[in-house]
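For reference, the structure is listed below as structure tokens.
The basis for the numbers below is simple: all heavy atoms, side chains too, and nothing from hydrogens, waters or symmetry mates. Start at 1 with the first residue, then count along the sequence.
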Amino acid sequence: MCGIVGAFGHKNGQVLTEVVGAMSESLLHRGPDDNGIWVDTEAKIAIGHRRLAILDLSQEGHQPMISRDSRYIIAFNGEIYNHPELRVELEKGSKNVTSREWQGHSDTETLLACFEHWGIKETLNRLVGMFAIALWDRRERQLYLVRDRFGEKPLYYGWVGGAFIFGSELKAFRRCHGFTNPVDRDVLALYIKYSYVPAPYSIYQNIFKLEPGCLLKISIDATMHPPSYLPKAPTTDNGLILDRWWSLESLVESGAQNQIEDEHEAIDLLQSRLAESVRIQSIADVPLGAFLSGGIDSSCIVALMQEYSSSPVSTFTIGFGEEEFNEAKYARSVAQHLGTKHVELYVSSSDALETISVLPQLYDEPFADSSQLPTHLVCRQARSQMKVALSGDGGDELFGGYSRYFWTNRYWNKVAWIPGYLRKGLGALIEGISPTYWDHLMGSVNACLPAQRKLSLLGDKAHKFAARLQAVHNLDDLYLSLVSSEWKDTANVVLNGQEPRTLLDERSPKPGLADNEHRMMH
């Protein structure tokens, strides 16, 4: 990963270098191999970059990078997997680009050439990769911020001290002169509900996440003051344009109209798609490995990596002393079967406690997923041997791996026939019995059951069930409750906080999402 930062419209153009230098320094951990700052005091813009060198380790990959015609300046975090193919296409279609005129073999140089030849939106549609891009157009005096289709690479933007600021992490914003942005209490209520801060919000007022698949264009007129509303695509106002260059909904609608009905065709296409995805993401000028949990997702990826590798792939696994949480034995079996170079790291409770103290520096805003602890530890372990590792993230979302996608339907079918007032009454009756007494009752039942049928924490589960019986009116309500915390009214938990709306609050029918499972996955 790399880090990008920048400031646009600062009142004193002379301090831009100092401001962006301090922001860049805060992201040293993202890019220890190289750093650079480009400044135009007349245009009141500065762009900084911290580099983790993956492709083209030479100075020819240095950023910020200037295009051949000097029109564009880019700072880029990510990787464009199809950039060799794009170079070939450019060489065939442009009289100004030949194979002898490339300065190096970085994907950043390819990106700039594509922007020169095809323009910004057409280039984005051609890209296969993950990216967060800051692009300054000298001719139009416009700044572009771009985020990849699924938001794999982070990108924040906002207004601090009378200027427009952007960066890969929130900690960079805190290094800006005049940073006084308070915690957004409305967003804090949102965090209490979902255990993270969903895009486009951030924990600070007037600072936002650029949403996946979005393109923001801003001129000097829009840099002075933050808008009085939440910037959400599509938006056009006083020198700021925020739009989607790629739409998941459009893709879902198209897929619903062109479904693959032959099982063998589906299997063959999935195999080729996964194989191609792993192949292109395994291209690097540095050592590369993979995280292996022993589950379906990571095991498939490692198997494909090993199939295309002439030497054993390095794999890394986190293990726990508590047997009920330990997946290391499954990962070890997969590693032995595939013949990988396998490393296990066993984590103790003291390791987890030591890690907790650094979480605010890692995440910058509240994040309540316990997986952050082993994720950080396995990344730290792998980083001692390599710069790049593949993982199975996204498999559950794409392939229906969460039980709630299917459990929700079964649950709702069992209770939907009960009139609403009876559901509320039944819920109130269940809540009238304390969790402790429910557990006491279950203790007597568990004594008569085999080990695999025993049920723990019945009281807690009964009260959660009761809360849903009283609150939900349809399947969408039920799904929302399953991905929310147990607080019934988060605005009462956060003083002076009113929970903002998110995608989960939208109930309008969407093309291609008639099936409940599809709608929940979306």
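Distance alone, capped at 3.5 Å, places no donor-acceptor pair between the D439 side chain and the T436 backbone. Between the side chain of T340 and the main chain of S314, no donor-acceptor pair closer than 3.5 Å is present. Formation of a donor-acceptor pair under 3.5 Å by the R147 side chain with backbone atoms of L210 is found in this model.
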Q. Hey, mind stepping through H342 and T315 against side-chain hydrogen bond (donor to acceptor under 3.5 Å, both in side chains) and telling me if it holds?
A. CA-CA 5 Å; H342 192 56; T315 52; 2.7 Å; yes
Evaluate side chain to side chain contact (heavy atoms under 4.5 Å, CB included) for Y346 paired with I318, printing each intermediate quantity in order. CA-CA 6 Å; Y346 272 79; I318 284 287; over 6 Å; no
- Query: When you look at I54 and V388, which way does the side chain to side chain contact (heavy atoms under 4.5 Å, CB included) test go after all the steps?
  - Reply: CA-CA 8 Å; I54 303 298; V388 180; 3.5 Å; yes
Using the rule given for side chain to side chain contact (heavy atoms under 4.5 Å, CB included), can you reason through Y201 versus F208, listing the C-alpha separation, both sets of side-chain angles and the distance that settles it, and then say yes or no?
CA-CA 5 Å; Y201 306 100; F208 308 96; 5.5 Å; no
*So Y194 and S484, side chain to side chain contact (heavy atoms under 4.5 Å, CB included) or not? Walk me through it.*
CA-CA 5 Å; Y194 293 115; S484 306; 3.7 Å; yes
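Summarising the geometry of I192 relative to S485, their closest heavy-atom pair is O-OG, 2.8 Å, with the distance given to 0.1 Å. Scanning both residues, F76 and M130, for their nearest heavy atoms gives CE1-O, 4.3 Å. The two residues R404 and M520 come nearest to each other via the heavy atoms O-SD, 4.0 Å. Between A331 and T317 the shortest heavy-atom distance is CB-OG1, 3.2 Å. Annotation for G289 and M386: closest pair N-SD, 3.1 Å, computed over non-hydrogen atoms. Taking each heavy atom of P198 and T502 in turn, the nearest pair found is CG-CG2, 4.1 Å.
For the pair R519 and D476, the salt-bridge criterion is met [side-chain N within less than 4.0 Å of a carboxylate O]. With respect to R244 and E211, a salt bridge is recorded, a charged nitrogen being found less than 4.0 Å from a carboxylate O. A salt bridge does not link D186 to R501: none of the charged side-chain nitrogens sits closer than 4.0 Å to a carboxylate oxygen.
Rounded to the nearest 0.5 angstrom, L124 CG and Y144 OH are separated by 10.5 Å. One distance of note links CD1 of I165 with CH2 of W159; it measures 11.0 Å at 0.5 Å rounding.
Side-chain contact annotation: Y196 with E365, donor-acceptor N/O pair under 3.5 Å absent. A donor-acceptor contact closer than 3.5 angstrom links the side chains of N516 and N409. Residues E276 and S272 bring no donor and acceptor atom of their side chains to less than 3.5 Å of each other. Side-chain polar atoms of E431 and Q470 form a donor-acceptor pair below 3.5 angstrom.
Residues T235 and I241 have side chains not in contact (no heavy-atom distance under 4.5 Å, counting atoms from C-beta outward). Contact check for I4 versus R30: no side-chain heavy atoms found under the 4.5 Å cut-off. Counting heavy atoms from C-beta on, the side chains of I133 and N77 never come closer than 4.5 Å. A 4.5 Å side-chain heavy-atom check between P200 and L230 finds at least one atom pair inside the cut-off. You'll find the side chain of L292 reaches within 4.5 Å of the side chain of V334, heavy atoms only.
The aromatic rings of H440 and Y437 sit tilted relative to each other, their planes meeting at an angle between 30° and 60°.
Screening Q372, E169, K171 against Y363 for a side-chain contact (heavy atoms from CB on, under 4.5 Å) leaves a single residue, Q372. For the side-chain hydrogen bond (donor to acceptor under 3.5 Å, both in side chains) criterion with E344, the lone passing option out of Q381, K329, R332 is R332.
When ring centroids are compared, Y411 and F465 come within the 6.0 Å threshold. Aromatic rings of Y204 and F179 (six-membered ring for Trp) have centroids within the 6.0 Å cut-off, being under it. Aromatic rings of W246 and F150 (six-membered ring for Trp) have centroids within the 6.0 Å cut-off, being under it.
Screening residues 288-305 for salt bridge (Lys or Arg N to Asp or Glu O under 4.0 Å) gives no qualifying pairs among residues at least two apart or on separate chains.
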